[in-house]
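Here's the structure, in structure tokens; my notes come after.
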There are 2 protein chains.
Amino acid sequence: METFSQWATRMSRKQSITIKDVAREAGCGVATASRVLNASGPASAEMSERVRRAARDLGFSFSAIGRALQSRRSMTVGCLVPSLANPVFAEAMQGVQDCLRGAGYQPLVCASNYDEAVDEDILRTLLASQVDGLIVTMASPSRSVALGTASVPVSLMFHDPLPGHITAYVDNVAAAREVARQFIKHGHRRLGFVALRFAESDRSRSRYAGFMAECRAAGVPDPVLIEMDDRSARCPHRVAEVLRAHPGLTGLFASNDFLALAVQNAAGLLGRNVPRDLSVIGFDGIGIGHLLATPLSTIETDAGAMGRQAAETLLNSMQGEEAIQPPALPFVFRTGATLAAVSEKMDDGLAATLPSSAHLDLASTKTRTNQ
Amino acid sequence: METFSQWATRMSRKQSITIKDVAREAGCGVATASRVLNASGPASAEMSERVRRAARDLGFSFSAIGRALQSRRSMTVGCLVPSLANPVFAEAMQGVQDCLRGAGYQPLVCASNYDEAVDEDILRTLLASQVDGLIVTMASPSRSVALGTASVPVSLMFHDPLPGHITAYVDNVAAAREVARQFIKHGHRRLGFVALRFAESDRSRSRYAGFMAECRAAGVPDPVLIEMDDRSARCPHRVAEVLRAHPGLTGLFASNDFLALAVQNAAGLLGRNVPRDLSVIGFDGIGIGHLLATPLSTIETDAGAMGRQAAETLLNSMQGEEAIQPPALPFVFRTGATLAAVSEKMDDGLAATLPSSAHLDLASTKTRTNQ
DNA sequence: ATCTCACATGGAAACGTTTTCACAATGGGC
DNA sequence: GCCCATTGTGAAAACGTTTCCATGTGAGAT
């Protein structure tokens with residue numbers, strides 16, 4: 001039995017029909033064939049017909065590689081996101097793809113798994129494969145040397161706008177302030193911000209900053225920063241532990257919707273009902289949010305639109321147009337069912353007066369009875 | 001102010017350093033430089049040093065395009081999925097990527113938006129860009145002419161195994177039978193299968209077939225097939241309407257988890273509690289399933305593993321190894337909280353005896369009171 | 001001292017395009 | 001009838017690699 005590679009080797013001699021074959025079949029030079037097939041120059045009607053028919057008969061199609069080598073444009077765009085497993089980035093890539101395809105470009109999609117070293121490595125690889133442009137979400141665009149040396153246009157996504165690069169983004173600070181306003185409007189004063197990868201994510205930091213700023217402006221105590229790592233976030237008990245360590249809080253702002261769901265779930269494990277005993281607000285507005293029994297209150301953004309905008313601005317840059325930074329993409333606060341007014345019990349009886357150790361005991365007691 | 005393209009044109013003269021530049025700098029021929037940099041042939045220690053240093057000084061990196069043209073291997077793999085907005089496919093692509101990257105290949109990711117014509121178009125484009133292999137999930141692999149003419153190895157994902165192609169898959173029929181068994185074990189006899197894109201998806205059809213087969217084997221009436229289109233599925237009221245049209249059913253098998261959540265949500269709108277009045281089982285095992293207030297009962301599969309397997313078998317094929325079809329990937333039934341035993345009221349009072357029009361009235365009444 | 005032989009090296013062809021340039025043929029205006 | 005556009009055409013160079021082949025060098029064997 002012949003393996004594929006043997007077959008491939010055997011076939012590779014005359015495997016693909018090139019424009020030369022077409023020219024020979026049509027009885028003309030390759031230049032003419034190229035002109036006809038690309039409609040890029042003069043050709044007699046009769047010759048056009050001959051060439052086109054030859055191409056059809058032979059089943060010819062251009063080699064993108066030959067073209068790229070000659071024209072120095074690969075018609076590909078390198079895309080770097082932290083992970084495709086996060087639907088926010090996946091949707092953004094879908095938007096990028098939809099937009100790029102219309103212009104004849106192919107996205108080269110890469111994910112770094114949130115690893116800064118991989119970021120650099122991927123960027124280098126992408127640049128080496130002659131991409132015509134770059135659409136990037138990474139740990140630290142400002143620190144990246146590969147990004148700095150890029151000789152092609154770059155669009156950023158999700159990041160805060162960075163001088164020197166066009167960015168498709170939502171105003172994280174403003175959105176986080178809105179979250180704070182919502183909490184405060186409902187009487188919350190003891191707030192927390194739950195973050196994943198706080199150190200590596202400018203998005204997380206901006207959200208916290210906005211959250212904090214609005215709290216201060218309203219005379220509400222600074223929100224507590226609660227950092228979590230990936231692994232713990234996936235394990236309900238670990239999340240519950242973290243929650244238990246901060247018993248006085250009545251409102252939690254999660255840096256993304258998954259985290260918000262995890263928090264909600266963990267609260268349940270501790271016997272605390274959302275939103276009766278704890279209010280939770282998320283970020284992103286992922287699709288399932290609507291469908292839940294208690295719909296998530298969250299900042300709703302349109303990741304697909306972000307991808308499309310990034311692709312569009314990149315296309316403009318690649319066309320040589322002057323790059324202008326578009327305004328931030330819109331967001332809305334989606335009123336779900338995970339935000340409620342602070343109950344009197346929470347506000348007066350517990351959170352305000354009792355020492356936090358008391359809460360801790362209470363919480364753990366409830367946990368035991370509940371499990 | 002100079003636009004980018006002007007700058008690019010100006011720079012393109014000597015923009016990129018080629019291996020010729022390295023050779024000139026090192027004072028040797030390009031052949032030697034190539035041999036040294038690729039460690040592909042003999043070279044004196046001194047010459048190696050000279051070349052390596054020249055390459056480093058000049059910041060040289062190989063042009064993937066030049067290489068591809070010469071070696072006739074682009075080191076890219078074309079990937080086609082219906083949509084990246086569906087986390088199942090996104091996770092699979094993440095798995096593909098992780099696996100391919102290790103072998104030095106770049107995935108070219110495309111989404112067809114479930115459009116069969118786009119499937120063909122994308123496949124042709126991918127083939128024209130000289131991909132070394134193809135990883136595909138599409139409407140109909142068996143009907144695709146572009147796939148048939150592919151001269152590179154192909155791995156399928158998610159599809160039922162198709163003679164002539166290696167496929168990474170779960171046994172949809174077996175999984176659906178397991179779903180039926182679970183329903184029946186809990187006393188359900190009036191079942192339905194809710195499907196999206198039933199006509200275009202062999203996965204949906206296989207799941208229905210297995211579901212039906214097990215029902216027959218157990219002497220349970222054939223499950224009702226309930227088809228829905230994309231748009232309706234997104235709108236809770238439309239889903240509710242569809243549900244209302246099938247009032248006698250006590251158990252619904254949804255062809256994916258999102259649909260299951262939508263059904264659950266719609267049942268709520270109709271005043272029917274899940275799982276008290278209606279049991280729901282999903283398919284896929286998406287991550288949030290765990291985190292819900294009433295965790296979803298579902299068939300749990302590992303999309304990432306599917307992607308990794310597809311990539312691995314493809315790598316083997318591309319290496320020329322004999323392609324052997326691996327066994328189906330495992331699935332487990334995840335016991336959530338959306339499946340419960342049939343209540344007496346449901347079983348005796350309503351479903352079994354009353355004419356269906358009565359249910360319809362009842363259901364709509366409940367709806368009105370509930371809304 | 002001559003003959004091999006292995007090794008190091010560079011020239012050149014090839015991969016599939018596009019594009020520049022030169023050439024031939026045609027036709028209209030003097 | 002001559003010149004100059006205009007038009008259709010093909011040869012050839014270039015893009016950046018890899019690889020085949022030929023050449024040159026030195027060492028070891030006769």
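Per chain, numbering begins at 1; letters A, B, ... match sequence-line order.
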**Stepwise side-chain hydrogen bond (donor to acceptor under 3.5 Å, both in side chains) test for D98(B) and Q94(B)** = CA-CA 6 Å; D98(B) 292 342; Q94(B) 176 74 39; 3.1 Å; yes
**Request:** Give A43(A) one of three labels, base, sugar-phosphate or nothing, depending on what nucleic acid heavy atoms sit under 4.0 Å from its own.
**Result:**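 Sugar-phosphate contact only - A43(A) comes under 4.0 Å of backbone atoms but never of a base.
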**Asked** Bend across the helix from dA1(C)-dT30(D) to dC30(C)-dG1(D), to 10°, with axes taken over 5 pairs at each end?
**Response** 60°
**Prompt:** Does the N38(A) side chain pair with the main chain of S40(A), one donor and one acceptor, at a distance under 3.5 Å?
**Reply:** no
**Request:** Could you tell me whether the side chain of S144(B) and the main chain of S140(B) form a donor-acceptor pair under 3.5 Å?
**Result:**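 Flag not set: sc S144(B) to bb S140(B) has no pair under 3.5 Å.
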**Request:** Please list all pairs passing the ring pair (Phe, Tyr, Trp, His ring centres under 6.0 Å) test where one or both residues lie in residues 20-74 of chain B, with sequence neighbours left out.
**Result:**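 Ring pair (Phe, Tyr, Trp, His ring centres under 6.0 Å) check on residues 20-74 of chain B returns F60(B)-F62(B).
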**Message:** Using whole Å, what does the distance between atom P of nucleotide dC15(D) and atom CZ of R73(A) come to?
**Reply:** 18 Å
**Prompt:** Any salt bridge between D57(A) and R52(A), counting N to O under 4.0 Å?
**Reply:**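 Answer for the salt bridge query: no.
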**Fill in**
Walking DNA chain C from its 5' end, the first of L69(B) and G29(B) to be reached, judged by nearest nucleotide, is G29(B)
**Item:** Qualifying salt bridge (Lys or Arg N to Asp or Glu O under 4.0 Å) pairs, either residue in residues 153-165 of chain B, two or more places apart
**Value:**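 Pairs touching residues 153-165 of chain B that pass the test: none.
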Without placing hydrogens or testing angles, list every side-chain donor-acceptor pair under 3.5 Å for residues 75-90 of chain B, not counting sequence neighbours.
from, atom 1, to, atom 2, distance (Å)
T76(B), OG1, S74(B), OG, 2.8
S83(B), OG, A85(B), N, 2.9
N86(B), OD1, V88(B), N, 3.0

**Message:** I need the residues from residues 56-67 of chain A with at least one non-hydrogen atom less than 4.0 Å from DNA chain C; give them sorted by number, or say none.
**Reply:** F60(A), S61(A), F62(A), S63(A), G66(A), R67(A)
**Prompt:** Is there a residue in residues 32-40 of chain B whose heavy atoms reach under 4.0 Å of DNA chain C, and which residues are they?
**Reply:**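 Correct list: T32(B), R35(B).
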